[in-house]
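In what follows, a structure is listed as structure tokens, so that the remarks can point back to it.
The figures here come from the full heavy-atom set of this structure, side chains too, leaving out hydrogens, waters and symmetry mates.
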Amino acid sequence: VQLVESGGGLVHAGGSLRLSCAASGFTLDYYAIGWFRQAPGKEREGVSCISSSDDITYYADSVKGRLTISRDNAKNMVYLQMNSLKPEDTAVYYCAARIGSCGSRWYEYSERNYGYWGQGTQVTVSS
């Protein structure tokens, strides 16, 4: 069972990136996928989540209107489209999987909340 993030990089403020989360060893159909980020010296925080069966999405207030989460179960992939990026979006971004729906506490970082984690991809936004 593995999650692998890709698509990070260096971008100027106002630019865009599209992060990908690829699953192997299991099918994403039955899993909610969350995106988290961790900036240097800060705790890991939930950014967005998409539920399994109904594709209900959730976003942190800090990214609403700028980030869009989506999934392609046929490809076993989840994406995070990031637009209008700001320097404060700089962080390592992780995807994580949990069974079923995102739940009301989808933003909480813990192995109990999400059983599978990727290794992360660095996003750096320059001012």
Does [X] share a hydrophobic cluster with [Y], counting links as ILVMFWY side-chain heavy atoms below 4.5 Å and allowing steps through other members?
X	Y	value
I33	V63	yes
V47	I50	yes
V4	M77	no

Are the side chain of [X] and the backbone N or O of [Y] linked by a donor-acceptor pair below 3.5 Å?
X	Y	answer
E5	C95	yes
S20	S6	no
N83	S16	no
N113	E108	yes
S51	C102	yes

Heavy atoms, side chains only, cut-off 4.5 Å: are [X] and [Y] in contact?
X	Y	result
R71	Y79	no
Y59	C49	no
I69	W35	yes
N76	T27	yes
L80	M82	yes
V125	H12	no
L19	T121	yes
Q38	E45	no

Return the minimal non-hydrogen interatomic distance between [X] and [Y], and the atom names on each side.
X	Y	answer
V78	L28	CG2-CD1, 3.9 Å
A13	S127	CB-CA, 4.4 Å
L85	R66	CA-NH1, 3.8 Å
Y94	G118	CD2-O, 3.6 Å
A97	L3	N-CD1, 3.8 Å
S52	S101	OG-N, 4.3 Å

In Å, rounded to the nearest 0.5 Å, how long is the span from [atom1] of [X] to [atom2] of [Y]?
X	Y	atom1	atom2	value
D29	N73	CG	CG	4.0 Å
F36	Y93	CZ	OH	13.0 Å
T90	Q122	OG1	CD	7.0 Å

Cationic N near anionic O, under 4.0 Å, D89 to K86
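No, this pair does not count.
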Can you list the steps and then say if W117 with Y109 is a ring pair (Phe, Tyr, Trp, His ring centres under 6.0 Å)?
CA-CA 11 Å; W117 290 84; Y109 164 53; 5.1 Å; yes
Might you work through the ring pair (Phe, Tyr, Trp, His ring centres under 6.0 Å) test for Y116 and F26, ending with a clear yes or no?
CA-CA 11 Å; Y116 304 109; F26 69 106; 5.4 Å; yes
Just by distance, with hydrogens left out, do Y114 and R98 show a side-chain donor and acceptor under 3.5 Å apart?
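Absent: no donor and acceptor within the cut-off.
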